[in-house]
Amino acid sequence: MQTPSYEFETGLEDGVEVLKVVVKMPQVKGMSDLLLETDSNNIVLTDKNERYKLDLELPKPVIQSMTKASFRKKKKELAITMYTEGGGAVEGERLSGPAPLVRAKDSLEDLQKIKDAAPDTPPAAPNQPPPPPQAAAAKTKAKGSKKGKNKGNGSANAAAPVVSEAEKLKNEGNALLASGQLEAAVLAYTKAIECDDTNAIFFANRSSAYIKQESYGMAIADADKAIEIDPSYVKGYYRRGTAQLAAGHPEKALPDFREAVRRCPGSKEAKAHVKACLDIMNGDDSDEDEEDDEVTSPLAGGGAGASAYFRATYDPTKVPLEASYDGPHWEGCEVSGAVPPLDFVEASVEHMRGEKRLHKRYVVAVLLGVRDRLAEDKSLVDLDVAEGGRFTVCGDTHGQFYDLLNIFEINGNPTEDNPYLFNGDFVDRGSFSVEVALTLFIYKLRYPNAMFMTRGNHESRTCNAMYGFEGEVMAKYDRTVMNLFTEVFNQLPLAAVIDKKVLVVHGGLFDKDGVTLDDIRAIDRHCEPPVEGLMCDLLWADPKVLPGRAPSKRGVSCMFGPDVTKRFLDANGLTLLVRSHEVKPEGYEITHDGMCITVFSAPNYCDQMGNKGAFITFKGGEMEPHFTSFDCVPHPPIRPMAYQSSAFSMFGF
């Protein structure tokens, strides 16, 4: 790889000293071709097509979390802007949205050209002068009076300690949020709100923390409150739109992002979100650097007709096999029903472990093969465990490939005598999602009765567009491969029953009683997951401590109590519900009087959470759960969400 030409520029941006590096790369088409890593003293820029690499020591220290980058397509150059240490920038107070492969640790990024006013005062409406001192004093007095702090003369000075304490708590929340301590950040913002519940910024910041917790319903409620307090506060609309989009409601997010653009026409981030909403709503996957157009099957579900259609449309033998390819080969991969040899399975895993890509010809063959196998299943599959045998259930793996390999190191590779069920969310977040999915799929083809998978909420086109998997596939392969992944995800079963006793689903139970196992079997799953109904609940629902049902904190599906679990299990002759979908400190959690178990298999989730991963082993006959917790293992220096589109940068950690 050659070293591209570059030049340094220094200057001021909004009164703050910045250092710019402009890198010229004539053969690069856009940011999706690049991987950018930064720290306070260095940048490493790599072209994914192995044409350029730049490892550069900076002339002065910079604030890493305030790095931003943009690719100028006409000039074929990348502009990297960094705020210098001691140059007047305050980390966490003003951040622009990061470029696709640059991670900002603090989620309090401003919309482009949007600035907060004083930290405790939401910005004024456009072209509106600030209130006169008398009005500001009256407002402060009213705040204090409302809180009961201005007894006596009701002076503004009496309220000052309350505002100061609220501001201190907000700053504490900002620091906790920047370090990934989400629950502690929520608590700090909540305390700030208890001190001063008339500040839109406090609600908007807590909304940001809720978004990162994937508590989208609570994030929407806080954004609603911020807008109610100050209808001119642009971030309120931005936060609410972000949460609505993450919850799978682009049609509800679109008006908020359009309002943000109306109030701040210079905001590139808000404009990108408007386009993202329209793309999702219109089914637009086009990529200007791709020649492949999306081909959608006219045949829903499984069957020989659908299989023949996909094999005619995506023929592995039409993918050229370059002489330079040094990875594993699979002769006869194009034959319907072909089983990969064991040496191909093992060599493929090792090839990917070494950060090498499996050739597209074999990726297409694997995806076609696993699509056909999964299409044969019902939406609920019945699994048996041999007397004295064992069966392992794993939760979310979220693209953490090296932790997946560690599970196999601890518990053994999948074989007919060592079957596994992976309970959804194989992809997104982690930047090795392609490798995770392909490993599971290859084992499914080799051992169809030893590798089982259920669908998670992240096995969906919408989530893949927002949380990095689509960007990863496009960087490593192309649109054809992404289309096939989407088709495979649409074939994944929604639930499994093990030995007629244990129900395994990704999310949880339903927003109504009376649902039977036959109702689950009858679900037409061959589609993008809906935002309501039985399929939605199976992918999104969460348990809660108290009896009954409640609206979900995620803004999708519901939360269900122990009484709901007991009624469902009793009515369907089951003894246990196993689900995933939530991070747990030890990798698992037992709730609902032992009737509900959550298992999560991605340790130190997103390199931030510090949790353990876990898996459950059942022994045939007794069917009692046995838990194994494990820590994370090292992985190559590619951060989670590295391939995420800049339009969705708010959804990262």
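The basis for the numbers below is simple: all heavy atoms, side chains too, and nothing from hydrogens, waters or symmetry mates.
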Trainee: Any side-chain to backbone donor/acceptor pair from E470 onto M482? Under 3.5 Å, distance only.
Mentor: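 No, E470 side chain to M482 backbone: no donor-acceptor pair under 3.5 Å.
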Trainee: Just by distance, do the side chain of S601 and the backbone of T397 share a donor-acceptor pair under 3.5 Å?
Mentor: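 Pair absent, no side-chain N/O of S601 close to backbone of T397.
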Trainee: Could you give the distance from NZ (K225) to CZ (R240), rounded to the nearest 0.5 Å?
Mentor: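 K225 atom NZ to R240 atom CZ measures 13.5 Å (nearest 0.5 Å).
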Trainee: Stepwise, does the side-chain contact (heavy atoms from CB on, under 4.5 Å) test hold for D197 with F202?
Mentor: CA-CA 8 Å; D197 63 0; F202 298 168; over 6 Å; no
Trainee: Any side-chain heavy atom of V436 sitting closer than 4.5 Å to one from Q400?
Mentor: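 No, every pair of side-chain atoms sits at 4.5 Å or beyond.
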Trainee: Does any part of the side chain of V22, heavy atoms only, come nearer than 4.5 Å to the side chain of R72, both counted from C-beta?
Mentor: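 Side-chain contact under 4.5 Å: yes.
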Trainee: Would L404 and T439 satisfy side-chain contact (heavy atoms from CB on, under 4.5 Å), going step by step from the backbone distance to the final call?
Mentor: CA-CA 9 Å; L404 170 67; T439 297; 4.1 Å; yes
Trainee: Identify the heavy atoms of P4 and M25 that sit nearest to each other, and give their distance.
Mentor: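 Scanning both residues, the minimum pair turns out to be CB-CG, 3.8 Å.
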Trainee: Ignoring hydrogens and geometry beyond distance, is a side-chain donor-acceptor pair present between R206 and T190 at under 3.5 Å?
Mentor: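 There is such a pair (donor and acceptor under 3.5 Å, judged by atom type) between the side chains of R206 and T190.
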Trainee: Between R639 and E37, is the salt bridge (charged side-chain N to carboxylate O under 4.0 Å, His left out) condition met? List the steps.
Mentor: CA-CA 9 Å; R639 300 173 181 177; E37 298 284 330; 3.3 Å; yes
Trainee: Between atom CE of M466 and atom CG of N464, what is the distance when rounded to the nearest 0.5 Å?
Mentor: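 One finds 9.5 Å between CE of M466 and CG of N464.
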Trainee: Under 3.5 Å, side chain of Y237 to main-chain N/O of P231, donor-acceptor pair present?
Mentor: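 Yes: the side chain of Y237 pairs with the backbone of P231.
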Trainee: Keeping the roles fixed (side chain from E165, backbone from C195), state whether a donor-acceptor pair exists under 3.5 Å.
Mentor: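 Checked: no pair found.
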Trainee: Does the side chain of Y325 come within less than 4.5 Å of L358's, by heavy atoms?
Mentor: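 Touching, per the 4.5 Å side-chain cut-off.
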Trainee: For Y402, look at atom OH and say whether over 12 heavy atoms of other residues, nucleotides or ligands are found less than 6.0 Å away.
Mentor: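 Correct, the count exceeds 12.
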Trainee: Quick check for you: to the nearest 0.5 Å, what is the distance between Q244 atom CD and T242 atom OG1?
Mentor: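 That separation rounds to 10.0 Å.
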Trainee: Tell me every residue that passes side chain to side chain donor-acceptor pair (under 3.5 Å) with D425, counting only those two or more places apart in sequence or in another chain.
Mentor: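 With neighbours one apart ignored, the set is H398, H506.
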Trainee: Check the pair R429, D396 against salt bridge (charged side-chain N to carboxylate O under 4.0 Å, His left out), reporting the backbone distance first and the verdict last.
Mentor: CA-CA 11 Å; R429 301 285 194 186; D396 305 42; over 6 Å; no
Trainee: Closest approach of A209 and V186, non-hydrogen atoms and distance?
Mentor: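 Scanning both residues, the minimum pair turns out to be CB-CG2, 3.7 Å.
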Trainee: Quick one, L182 with L177, criterion side-chain contact (heavy atoms from CB on, under 4.5 Å). Give me CA distance, side-chain angles, the key distance, then yes/no.
Mentor: CA-CA 6 Å; L182 304 182; L177 187 60; 3.6 Å; yes
Trainee: Does a side-chain heavy-atom distance below 4.5 Å link Q2 with R51?
Mentor: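 Not in contact.
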Trainee: Set out, in order, the CA-CA distance, both residues' side-chain angles and the distance that settles salt bridge (charged side-chain N to carboxylate O under 4.0 Å, His left out) for E172 and K168, then state yes or no.
Mentor: CA-CA 6 Å; E172 178 184 332; K168 177 181 176 182; over 6 Å; no
Trainee: Once you round to the nearest 0.5 Å, how far does CZ of R353 lie from NE2 of H351?
Mentor: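 One gets 13.5 Å once the value is rounded to the nearest 0.5 Å.
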Trainee: Taking all atoms of both residues into account, what is the closest heavy-atom pair of P603 and G613, and its distance?
Mentor: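 Scanning both residues, the minimum pair turns out to be CB-N, 3.4 Å.
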Trainee: Do you know which two heavy atoms are closest between Y52 and Q27, and how far apart they sit?
Mentor: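 It is OH-N, 3.3 Å.
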Trainee: Could you report the tightest heavy-atom contact between G610 and N604, atom names first, then the distance?
Mentor: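 Taking G610 first and N604 second, the nearest heavy atoms are N-OD1, 2.9 Å.
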Trainee: Test your reading of the model: is there a side-chain donor-acceptor pair from E459 to the backbone of F426, 3.5 Å cut-off?
Mentor: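 Checking the backbone N and O of F426 against the side chain of E459, a donor-acceptor pair under 3.5 Å is found.
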Trainee: Show your reasoning for whether side-chain contact (heavy atoms from CB on, under 4.5 Å) applies to K252 and I220.
Mentor: CA-CA 11 Å; K252 294 181 180 179; I220 291 167; over 6 Å; no
Trainee: Where do Y643 and G468 come nearest, in terms of heavy atoms and distance?
Mentor: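 Taking Y643 first and G468 second, the nearest heavy atoms are CB-O, 3.8 Å.
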Trainee: Are there more than 12 heavy atoms of other residues, nucleotides or ligands under 6.0 Å from atom CD of E322?
Mentor: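 Atom CD in E322 is packed in, count exceeds 12.
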Trainee: Is any side-chain heavy atom of F432 closer than 4.5 Å to a side-chain heavy atom of I638?
Mentor: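 Yes, side chains in contact.
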Trainee: Step by step, work out the salt bridge (charged side-chain N to carboxylate O under 4.0 Å, His left out) result for E435 and R357.
Mentor: CA-CA 9 Å; E435 290 78 8; R357 297 176 194 170; over 6 Å; no
Trainee: State, with a plain yes or no, whether a side-chain heavy atom of F401 is found less than 4.5 Å away from one of H635.
Mentor: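 No. Closest side-chain heavy atoms not under 4.5 Å.
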Trainee: Could you check whether any side-chain N or O of N611 sits under 3.5 Å from a backbone N or O of A602, counting only pairs where one atom can act as donor and the other as acceptor?
Mentor: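 Side chain of N611 to backbone of A602, a donor-acceptor pair under 3.5 Å: yes, one is there.
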Trainee: Report, as yes or no, whether the 6.0 Å neighbourhood of atom NZ on K476 holds more than 12 heavy atoms from other residues, nucleotides or ligands.
Mentor: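 Yes, enclosed.
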Trainee: How are the rings of F469 and F489 set relative to one another: parallel (under 30°), tilted (30 to 60°) or perpendicular (over 60°)?
Mentor: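 The arrangement is tilted - the two ring planes meet at 30° to 60°.
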Trainee: Would you say the side chain of L245 lies within less than 4.5 Å of the side chain of Y216, judging by non-hydrogen atoms?
Mentor: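 No. Closest side-chain heavy atoms not under 4.5 Å.
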Trainee: Between D256 and H273, is any side-chain donor less than 3.5 angstrom from a side-chain acceptor?
Mentor: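 Not at all, the side chains of D256 and H273 share no donor-acceptor pair under 3.5 Å.
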Trainee: So, taking the atom named CD1 in I43 and the one named OG1 in T38, what distance separates them when rounded to the nearest 0.5 Å?
Mentor: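 That separation rounds to 8.5 Å.
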Trainee: Measure the CG-CE distance between N49 and M1 for me, rounded to the nearest 0.5 Å.
Mentor: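 Result: 10.5 Å between the selected atoms.
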Trainee: Can you name the residues that form a side chain to side chain donor-acceptor pair (under 3.5 Å) with E528, not counting sequence neighbours?
Mentor: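 With sequence neighbours excluded, E528 shows a side chain to side chain donor-acceptor pair (under 3.5 Å) to T462, given in chain and number order.
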Trainee: Side chains of E228 and F203: closer than 4.5 Å at any heavy-atom pair?
Mentor: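 Answer no - side chains too far apart.
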Trainee: Is it true that, when you exclude K76 itself, more than 12 heavy atoms of the residues, nucleotides or ligands shown sit nearer than 6.0 Å to its NZ?
Mentor: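 Above 12, so yes.
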Trainee: Is it the case that the side chain of K271 and the backbone of P265 share a donor-acceptor pair, with hydrogens and angles ignored and the cut-off at 3.5 Å?
Mentor: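 Here the side-chain-to-backbone pair exists.
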